Engineer: 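This is the structure I want to talk about, given as structure tokens.
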Amino acid sequence: MDNVNKLTAISLAVVAALPMMASADVMITEYVEGSANNKAIEIYNNGTAAVDLTGYKLVQYKNGSTVATDMALLDGQTIGAKKLKVIKHPSAALGLAADVDAINGSAIYFNGEDAVALLKDGVVVDIIGSLPTPKDWGIDATFIRKLDSLEANSVFNAAQWEQFPKDTFSGLGLLDMPVKPEVPLFSCSGAKIVPIYQVQGAGESSPYVPEGAFESEAEVTVRGVVTARGESLFKGFYLQEVKGDNSPYTSDGVFVFLGEAVPEAIQPGVEVCVQGKVKEYFGLTQIDIKADKKFEVGAKGEVPVAAPFYVADGETLAQALERYEGMNVALDAGSDLKISRTFSYDYAGRRNNMLASYKEPLMKSTQLYPALSAEATALVKSNLENQLFIESDIKPADGVIPYFPGFDVETGYIRVGDQLTNLQGVIGYSYGAYRLVATNTITAGDFIRGDDRTDAPSVATKGDLRVASFNVLNFFNDVDGGDTNPSGSNRGALTLEEMVLQRTKIVSAITAMNADIVGLMEIANNGFGEKSAIKNLVDALNEKQTPENAYSFVEITDADKYDGKYFGTDAITVGMLYRGGKVTLAGAAQAIDTPEQHASAGSVTRTKDGKTETNPGNDAYQRHSLAQTFKIHDESLTVVVNHLKSKGSGCLEDWANFEESVDPADQQGKCNAFRVSAAKVLGETLKDVKGDLLIIGDMNAYGMEDPIRVLTDFDASKSDRDIMTASWTTLDGKVFERQGSKIEKGYGLINLNTKAHGAGTYSYSYNGELGNLDHALANASLAKRLVDIEDWHINSVESNLFEYGKKFSGDLAKSENAFSASDHDPVIVALSYPAPVVPPKPEPTPKDDGGALGYLGLALMSLFGLQRRRR
């Protein structure tokens with residue numbers, strides 16, 4: 001291309017003739033995403049007068065976000081008419097001429113996944129990059145606005161921009177467009193063609209890449225047929241040998257990395273020859289042609305038939321997927337792949353996708369085995385090798401599954417445990433996992449149901465009494481005029497429509513459970529009055545009950561209320577509902593305070609690599625527990641509802657172990673020792689309870705994690721690992737434990753789910769792994785009353801896109817049914833409390849005096865049916 005002046009006399013005349021908005025005079029004209037700190041944005045004043053840039057700023061939409069982050073405030077700057085200004089990173093090495101108007105912006109550190117916008121008084125004037133920005137959209141590239149597109153746009157128009165190679169700086173701040181070198185057409189003529197299966201080899205990496213290196217020493221030339229194009233997730237295309245080598249140990253396909261939009265001529269079925277180095281890019285074998293674009297397009301034919309995917313005896317899913325890397329495959333019944341996480345957000349890939357595993361969904365290691373045991377460690381490794389992410393190439397729109405257009409809340413749903421069939425796609429690898437990028441669409445019939453929906457739990461009609469535990473996923477009634485909570489925040493529904501839907505779904509679930517006592521978690525902590533969330537819920541619930549089955553809620557005493565109103569100081573709390581027609585309150589409710597953790601800054605040290613640090617200030621809290629004793633006939637039942645500290649927020653022990661920013665190595669989540677402290681307090685408080693005892697709730701600990709073991713059957717003398725409480729804890733405003741203490745013996749409660757069904761139960765799904773955070777723990781007398789226990793799988797196995805909130809579900813229709821009423825399954829316990837048998841009172845036998853009166857009496861008794869028939 002010849003040198004072209006950005007503003008020729010003709011373009012100046014055209015621009016001058018256009019009607020201009022004052023807010024649109026200033027625009028972005030160049031975007032530089034170079035190596036290291038070589039980042040810069042060029043803006044241009046297209047007006048006929050200088051512009052005061054006060055109120056203008058540059059913002060970035062980081063890593064595909066749709067929320068702006070400030071990069072550079074331009075207050076105090078001016079830009080002359082028909083002048084350019086460059087805002088650059090302070091450490092950028094751009095080689096700018098001395099007369100270039102350039103300023104430093106300390107926050108100019110955007111990357112190739114960030115859109116950049118120019119705002120005036122908070123309104124977008126101009127933008128480069130679509131929202132949300134596709135992955136790697138502008139990585140290692142310079143974008144310059146075309147001469148005929150000098151008009152600001154609040155919506156990105158890719159046609160207005162021309163792309164140049166990385167570290168192209170020659171046009172920055174000047175009126176000259178950089179020169180694009182002429183690239184000679186590439187030809188495979190005379191080149192030695194290497195078979196794709198030979199490039200792939202039979203190992204985890206290509207035999208062409210030396211050990212310890214990431215790319216081959218020389219380029220290779222391969223020829224194949226295109227099976228799929230990659231526009232976003234993988235920028236390039238997939239080539240496959242038509243015949244291959246007929247070996248199950250080597251893949252016949254390979255990914256060709258282009259790093260930019262794939263030319264229109266490269267379509268599935270087209271033969272293409274490419275030449276480039278073989279690279280192992282974070283585990284993906286690929287041929288890299290980004291720099292020189294050495295490819296030759298041939299004739300159009302048929303796409304190679306998708307190979308049926310299977311896992312051979314003795315190999316892991318990961319080993320099987322490596323054999324198919326880069327190939328076009330089909331999942332069928334023989335693939336035996338089950339959904340382990342339904343379509344939802346993947347934090348690694350920052351997009352919605354699905355996770356499949358071989359034979360059965362993944363189970364959390366600490367649900368089945370104690371933390372850091374050999375079995376738990378082995379299961380962690382096994383789970384990592386048993387994952388296949390199901391992707392679409394383009395980042396899906398909210399509420400849409402591109403490869404499943406029939407996705408629907410009533411009939412087109414997907415559940416964890418469903419077997420996936422008839423889906424075709426190419427096998428790639430990124431973010432440490434294998435990914436199938438779908439190339440066709442499927443229907444609801446292609447999901448073979450393992451454990452389908454039920455309208456009610458089977459336990460709903462069992463036993464004499466049912467007790468349930470239900471985390472209701474932040475039920476707040478703020479938008480319905482509800483009272484405030486101590487924090488003043490709203491974690492729940494954002495609109496009245498969302499709140500009513502959430503409440504309706506919860507009511508549908510509780511009604512179907514038919515429980516006589518219901519423990520609640522994550523209900524707004526806004527008191528017990530007319531405008532409280534618990535009153536709001538109970539009123540709606542009772543509209544669906546018969547009078548004899550109506551619910552009431554348990555209220556703590558005034559002495560236990562914080563600020564005369566609340567149950568603790570958190571935004572959410574626990575609650576308890578009961579049917580007065582089935583059980584009777586026996587005394588006042590008891591609030592069980594749980595420990596807090598307070599360590600002032602500098603009070604604790606940690607040492608690593610010879611360097612000693614002191615802690616920042618640390619304050620951690622837990623929600624209090626609620627206990628209520630009931631009378632059932634002449635029996636006493638105490639139910640305790642709990643919601644222990646979450647796994648996400650850090651505690652002092654996480655900092656001390658250098659795990660404040662990573663997941664703890666023991667797989668138990670953050671604040672584990674703090675939850676153990678709470679378990680110790682519960683155990684000590686409840687160890688002398690008379691009668692039956694049932695502890696329920698979201699313990700934020702899986703079945704074999706420390707807090708549950710402490711409450712059940714832990715014995716330090718039989719354990720290879722100590723269980724410790726947290727340090728620097730207080731209880732009810734007094735020092736509880738200055739130093740963490742070792743737990744010697746558990747409190748002997750019985751895990752009813754384990755007793756009835758074994759360890760492999762679940763009520764919650766996180767990151768593709770199932771386990772029980774929601775528990776029912778009983779003393780020995782209550783355990784003898786167990787008829788059945790059920791985790792009713794209405795939430796953990798469903799897509800969270802069906803929940804009440806609309807923020808991430810787009811136009812997806814919602815339903816008032818119980819499914820996805822929350823993110824935790826309710827746990828329902830059926831118990832035997834038979835009514836006492838009252839023996840009949842014996843009736844007196846008439847005295848035979850041998851006289852007429854006696855005979856008359858017997859006759860009368862016979863006449864009126866009062867004489868008992870002897871048996």
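Position 1 is the first residue of the sequence; numbering continues from there. The figures here come from the full heavy-atom set of this structure, side chains too, leaving out hydrogens, waters and symmetry mates. Note that the structure is a prediction, hence the values are computed from the model and not measured.
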Engineer: Roughly how far, to the nearest 0.5 Å, is the CG atom of Leu644 from the CZ atom of Arg675?
Structural biologist: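 Reported to 0.5 Å precision, the distance equals 7.5 Å.
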Engineer: Below 4.0 angstrom, N of the basic side chain to O of the carboxylate: do Lys462 and Glu790 qualify?
Structural biologist: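 A salt bridge is absent here (no side-chain N lies under 4.0 Å from a carboxylate O).
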Engineer: Once rounded to the nearest 0.5 Å, what's the spacing between atom CE of Met576 and atom CG of Leu626?
Structural biologist: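 Answer rounded to 0.5 Å: 4.0 Å.
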Engineer: For the atom pair CG (Leu362) and CG (Leu384), what is the distance rounded to the nearest 0.5 Å?
Structural biologist: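 Going from the CG atom of Leu362 to the CG atom of Leu384 covers 9.0 Å.
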Engineer: Please check: side-chain N/O of Ser469 versus main-chain N/O of Val827, any donor-acceptor pairing under 3.5 Å?
Structural biologist: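 Side chain of Ser469 to backbone of Val827, a donor-acceptor pair under 3.5 Å: no, none is there.
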Engineer: Should Phe630 and Leu585 be marked as a side chain to side chain contact (heavy atoms under 4.5 Å, CB included) after you check the CA-CA gap, both sets of side-chain angles, and the distance that decides it?
Structural biologist: CA-CA 5 Å; Phe630 298 92; Leu585 297 181; 3.5 Å; yes
Engineer: Would you please test Arg721 and Asp706 for salt bridge (charged side-chain N to carboxylate O under 4.0 Å, His left out) and show each step?
Structural biologist: CA-CA 10 Å; Arg721 178 180 152 273; Asp706 295 348; 2.7 Å; yes
Engineer: Has the side chain of Ser625 got a donor or acceptor atom that lies under 3.5 Å from a matching backbone atom of Ile592?
Structural biologist: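 Checked: no pair found.
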Engineer: Any side-chain donor-acceptor pair under 3.5 Å between Glu684 and Tyr747?
Structural biologist: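 Yes.
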Engineer: Hey, could you give me the CG/CG distance between Asn353 and Asp346, rounded to the nearest 0.5 Å?
Structural biologist: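 Rounded to the nearest 0.5 Å, the CG-CG separation comes to 4.0 Å.
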Engineer: Is it the case that Arg709 and Asn751 place a side-chain donor and acceptor less than 3.5 Å from each other?
Structural biologist: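 Note: Arg709 and Asn751 side chains miss the donor-acceptor criterion.
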Engineer: Can you give me the closest heavy-atom contact between Lys645 and Cys651, atom names plus distance?
Structural biologist: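 Closest approach of Lys645 to Cys651: CE-SG, 4.4 Å.
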Engineer: Using the ring of each side chain (for Trp, its six-membered ring), is Tyr434 parallel, tilted or perpendicular to Tyr429, with breaks at 30° and 60°?
Structural biologist: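 The rings of Tyr434 and Tyr429 stand perpendicular, inter-plane angle above 60°.
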Engineer: So, Asp654 and Lys670, do they make that salt bridge, N to O below 4.0 Å?
Structural biologist: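 Between Lys670 and Asp654 there is no salt bridge, as every charged N stays at least 4.0 Å from the carboxylate O atoms.
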Engineer: Is Arg466 reaching over with its side chain to a backbone N or O of Asn514, donor-acceptor style, under 3.5 angstrom?
Structural biologist: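 Answer holds: yes.
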Engineer: Please walk me through it: do His598 and Tyr621 pass ring pair (Phe, Tyr, Trp, His ring centres under 6.0 Å)?
Structural biologist: CA-CA 9 Å; His598 302 287; Tyr621 303 85; 5.3 Å; yes
Engineer: Identify the two heavy atoms, one from Thr366 and one from Ala371, that lie closest to each other, and give their separation to 0.1 Å.
Structural biologist: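 Smallest interatomic distance, heavy atoms only, reads CG2-CA, 4.0 Å.
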Engineer: Taking the side chain as every heavy atom from C-beta outward, state whether Asp619 and Glu596 have any pair of such atoms under 4.5 Å apart.
Structural biologist: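 Heavy-atom side-chain distance check fails, nothing below 4.5 Å.
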Engineer: Angle class for the Tyr345/Tyr347 ring planes (parallel below 30°, perpendicular above 60°, tilted otherwise)?
Structural biologist: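 Ring orientation of Tyr345 relative to Tyr347: perpendicular.
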Engineer: Are Arg323 and Tyr310 packed together at the side-chain level, in the sense that at least one heavy-atom pair is separated by less than 4.5 angstrom?
Structural biologist: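 The answer is yes, as the side chains (C-beta and beyond) meet within the 4.5 Å cut-off.
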Engineer: Shortest non-hydrogen contact from Thr729 to Ser677?
Structural biologist: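 Closest pair (atom of Thr729, atom of Ser677, distance): CG2-OG, 4.3 Å.
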Engineer: Please determine whether the number of non-hydrogen atoms from other residues, nucleotides or ligands lying under 6.0 Å from atom CG of Asp720 exceeds 12.
Structural biologist: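 Count not over threshold, so no.
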Engineer: Is there a salt bridge (charged side-chain N to carboxylate O under 4.0 Å, His left out) between Glu705 and Lys647 once you walk through the steps?
Structural biologist: CA-CA 12 Å; Glu705 290 186 355; Lys647 292 174 172 288; 2.6 Å; yes
Engineer: Looking only at heavy atoms, which two atoms of Ile534 and Ile523 are closest? And how far apart?
Structural biologist: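 The pair with the smallest heavy-atom distance is CA-CD1, 3.6 Å.
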Engineer: Should we count OH of Tyr562 as having more than 12 external heavy atoms under 6.0 Å?
Structural biologist: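 Atom OH in Tyr562 is not crowded, with 12 or fewer foreign heavy atoms closer than 6.0 Å.
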Engineer: Looking at Arg491 and Glu522, is there a salt bridge between them, counting it only when a charged N and a carboxylate O are closer than 4.0 Å?
Structural biologist: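 Looking at Glu522 and Arg491, the cut-off is not met.
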Engineer: One pair to check against side chain to side chain contact (heavy atoms under 4.5 Å, CB included): His643 and Asn700. What are the steps and the verdict?
Structural biologist: CA-CA 7 Å; His643 188 191; Asn700 270 311; 3.7 Å; yes
Engineer: Quick check against the 3.5 Å criterion: does Asp715 have a side-chain atom that pairs as donor or acceptor with the backbone of Ser717?
Structural biologist: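 Indeed, once roles are kept as given, a pair shorter than 3.5 Å links the two residues.
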Engineer: Compare all side-chain heavy atoms of Tyr358 with those of Leu388 and state whether any distance is below 4.5 angstrom.
Structural biologist: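 Result no, sub-4.5 Å side-chain heavy-atom pair not found.
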Engineer: Check the side chains of Asn800 and Ser344 for a donor-acceptor pair under 3.5 angstrom, ignoring hydrogens and angles.
Structural biologist: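 No, no side-chain donor-acceptor pair sits under 3.5 Å.
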Engineer: Run Met704 and Glu375 through side chain to side chain contact (heavy atoms under 4.5 Å, CB included) and show every step you take.
Structural biologist: CA-CA 12 Å; Met704 290 300 288; Glu375 297 88 347; over 6 Å; no
Engineer: With distance as the sole criterion, is a donor-acceptor pair present between the side chains of Glu769 and Gln367 under 3.5 Å?
Structural biologist: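 Judged by distance alone, the side chains do not pair up.
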Engineer: Flag the pair Gln667 / Tyr369 as yes when at least one side-chain heavy-atom distance between them is below 4.5 Å, and no otherwise.
Structural biologist: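 They are not in side-chain contact.
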Engineer: Return the CG to CG distance between Leu694 and Leu752, rounded to the nearest 0.5 Å.
Structural biologist: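 Between atom CG of Leu694 and atom CG of Leu752 there are 6.5 Å.
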Engineer: Would Ser636 and Lys690 count as a side chain to side chain contact (heavy atoms under 4.5 Å, CB included) if you check the C-alpha gap in whole Å, the side-chain angles of each, and the deciding distance to 0.1 Å?
Structural biologist: CA-CA 8 Å; Ser636 174; Lys690 304 299 182 184; 5.9 Å; no
Engineer: Counting C-beta onward and ignoring hydrogens, is there a side-chain heavy-atom pair between Pro486 and Asp570 closer than 4.5 Å?
Structural biologist: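 Pro486 vs Asp570: side chains apart.
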Engineer: Check for a donor-acceptor pair, side chain of Asp698 on one end and backbone N or O of Asp774 on the other, with a separation under 3.5 Å.
Structural biologist: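 No; zero donor-acceptor contacts below 3.5 Å.
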Engineer: Considering all heavy atoms of both residues, which atom of Arg415 and which atom of Asp451 are nearest to each other, and what is their separation?
Structural biologist: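 The answer is NE-O, 2.8 Å.
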Engineer: Flag the pair Met521 / His824 as yes when at least one side-chain heavy-atom distance between them is below 4.5 Å, and no otherwise.
Structural biologist: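 They are not in side-chain contact.
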Engineer: Indicate yes or no for a side-chain donor-acceptor contact from Arg341 to the backbone of Asn767 under 3.5 Å, with no hydrogens or angles considered.
Structural biologist: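 Absent.
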Engineer: Give a yes or no on this: more than 12 heavy atoms of other residues, nucleotides or ligands lie within 6.0 Å of atom CD of Glu613.
Structural biologist: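 Yes, the 6.0 Å shell around CD holds more than 12 heavy atoms from other groups.
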Engineer: Is any side-chain heavy atom of Leu637 closer than 4.5 Å to one of Leu465?
Structural biologist: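 Yes, their side chains come closer than 4.5 Å.
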Engineer: Using side-chain heavy atoms (C-beta onward) and a distance below 4.5 Å, is Asp791 in contact with His757?
Structural biologist: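 The answer is no, as the side chains (C-beta and beyond) never meet within the 4.5 Å cut-off.
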Engineer: Flag the pair Asp418 and Lys338 as a salt bridge only when some basic side-chain nitrogen lies within less than 4.0 angstrom of an acidic carboxylate oxygen.
Structural biologist: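 No, no charged N to carboxylate O under 4.0 Å.
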Engineer: Spell out, as yes or no, whether a donor-acceptor pair under 3.5 Å connects the side chain of Asp593 to the backbone of Leu731.
Structural biologist: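 Not confirmed, Asp593 side chain does not pair with Leu731 backbone.
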Engineer: Donor-acceptor pair, Ser600 side chain versus Ser603 backbone, under 3.5 Å?
Structural biologist: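 It does not hold such a pair.
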Engineer: What I want to check is whether the side chains of Asp825 and Ser796 have a donor and an acceptor closer together than 3.5 Å.
Structural biologist: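 A pair is found: one side chain offers a donor N or O, the other an acceptor, under 3.5 Å apart.
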Engineer: Supply the atom-to-atom distance Ile414 CD1 to Phe343 CZ, rounded to the nearest 0.5 angstrom.
Structural biologist: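 So the gap between those two atoms works out to 8.0 Å.
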Engineer: Is the Phe567 ring parallel, tilted or perpendicular to the His624 ring (thresholds 30°, 60°)?
Structural biologist: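 Aromatic pair Phe567/His624 classed tilted.
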Engineer: With distance as the sole test, does Asn525 use its side chain to make a donor-acceptor pair with the main-chain N or O of Tyr566 at under 3.5 Å?
Structural biologist: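 No: the side chain of Asn525 does not pair with the backbone of Tyr566.
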Engineer: What's the shortest heavy-atom distance between Leu317 and Ser357, and which atoms?
Structural biologist: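 That closest heavy-atom pairing would be CD2-CA, 4.3 Å.
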